[in-house]
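See structure below.
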Amino acid sequence: QVQLVESGGGLVHPGGSLRLSCAASGIIFRLYTMAWYRQVPGKQRELVAFITGGGTTTYVDPVKGRFTISRDNAKNTMYLQMNSAKPEDTAVYLCNAHLGATSDFWGQGTQVTVSS
């Protein structure tokens with residue numbers, strides 16, 4: 001059974017930092033492209049960043065230079081370091097694991113709130 005479990009969300013002040021984690025089980029983690037998405041109620045889920053099994057990273061423009069995605073294949077865990085947080089970063093952050101056309105898994109999400 002595949003499980004993706006996010007943790008590390010919470011309340012952070014504008015300009016502050018937070019680190020999210022996604023622990024995976026039930027998959028050959030090193031083969032999967034892992035991604036962070038975020039969703040705000042009433043809006044479409046949007047990609048934040050992704051990292052290939054080999055470690056190549058891609059970011060959307062709103063988070064470039066502020067967020068860092070990384071992975072530890074030995075621990076089957078992916079991370080998102082969020083720095084210089086902005087109120088518009090407030091969302092539920094979801095972990096995704098993707099491989100090929102048929103393997104696509106999601107976590108339940110962790111709430112991040114950026115507010116003073």
Side-chain angles (χ1 to χ4, degrees):
Q1 181 183 356
V2 178
Q3 277 196 313
L4 301 176
V5 180
E6 301 95 336
S7 61
L11 175 65
V12 60
H13 294 309
S17 298
L18 207 60
R19 189 173 87 150
L20 308 182
S21 299
C22 171
S25 60
I27 59 173
I28 304 175
F29 184 77
R30 60 181 171 80
L31 298 181
Y32 279 71
T33 291
M34 300 297 296
W36 288 100
Y37 285 74
R38 62 188 181 186
Q39 187 159 27
V40 175
K43 293 190 176 181
Q44 222 169 5
R45 186 174 294 182
E46 64 172 1
L47 175 68
V48 175
F50 67 88
I51 182 169
T52 67
T56 301
T57 58
T58 301
Y59 300 89
V60 295
D61 284 345
V63 308
K64 278 182 183 175
R66 300 190 299 119
F67 290 9
T68 302
I69 190 172
S70 62
R71 65 191 295 161
D72 185 335
N73 288 341
K75 295 183 178 180
N76 288 358
T77 302
M78 173 181 65
Y79 305 96
L80 185 69
Q81 178 67 43
M82 304 171 60
N83 296 331
S84 302
K86 301 178 179 181
E88 51 263 42
D89 295 324
T90 296
V92 174
Y93 283 72
L94 301 112
C95 170
N96 172 262
H98 181 81
L99 176 65
T102 58
S103 292
D104 194 69
F105 304 105
W106 292 90
Q108 293 297 307
T110 186
Q111 175 70 46
V112 172
T113 302
V114 184
S115 175
S116 54

Quiz item: disulfide bond (SG atoms under 2.5 Å apart): which pairs involve residues 24-86, sequence neighbours left out?
Solution: none
Practice problem: Might you point out which heavy atoms bring Ala97 and Leu4 nearest each other, and give the distance in Å? | Solution: N-CD1, 3.8 Å
Quiz item: Run the side chain to side chain contact (heavy atoms under 4.5 Å, CB included) check on Asp104 and Asn96 step by step: do they pass?
Solution: CA-CA 7 Å; Asp104 194 69; Asn96 172 262; 3.3 Å; yes
Practice problem: Could you tell me the separation between the CE atom of Met78 and the CD1 atom of Ile69, rounded to the nearest 0.5 Å? | Solution: 5.0 Å
Quiz item: To the nearest 0.5 Å, what is the distance between OG1 (Thr113) and CG (Asp89)?
Solution: 11.0 Å
Self-check item: Residues forming a ring pair (Phe, Tyr, Trp, His ring centres under 6.0 Å) with Phe67, sequence neighbours excluded
Solution: none
Quiz item: How would you list all residue pairs meeting side-chain hydrogen bond (donor to acceptor under 3.5 Å, both in side chains) that involve residues 43-62, not counting sequence neighbours?
Solution: Arg38-Glu46, Gln39-Arg45, Asp61-Lys64
Would you say [Y] ends up clustered with [X] if hydrophobic residues are merged whenever their side chains have heavy atoms under 4.5 Å apart, either directly or through other cluster members?
X     : Y      : answer
Leu47 : Val63  : yes
Val5  : Leu80  : no
Val40 : Val112 : no

Quiz prompt | Backbone N/O of Val114 and side chain of Thr90: donor-acceptor pair under 3.5 Å | solution = yes
Quiz prompt | Qualifying ring pair (Phe, Tyr, Trp, His ring centres under 6.0 Å) pairs with a residue from residues 86-116, counting only residues at least two apart or across chains | solution = Tyr37-Trp106
Let me have the donor-acceptor pairs involving side chains of residues 7-36, under 3.5 Å, with sequence neighbours excluded, atom names and distances please.
{"residue": "His13", "atom": "ND1", "partner": "Ser115", "partner atom": "O", "Å": "3.1"}
{"residue": "Ser17", "atom": "OG", "partner": "Asn83", "partner atom": "OD1", "Å": "2.9"}
{"residue": "Trp36", "atom": "NE1", "partner": "Tyr79", "partner atom": "O", "Å": "3.3"}

Exercise. Can you tell me which residue pairs pass the salt bridge (Lys or Arg N to Asp or Glu O under 4.0 Å) test with a partner in residues 69-88, sequence neighbours excluded?
Key: none
Quiz item: Is it the case that more than 12 heavy atoms not belonging to Gln81 sit under 6.0 Å from its CD atom?
Solution: yes
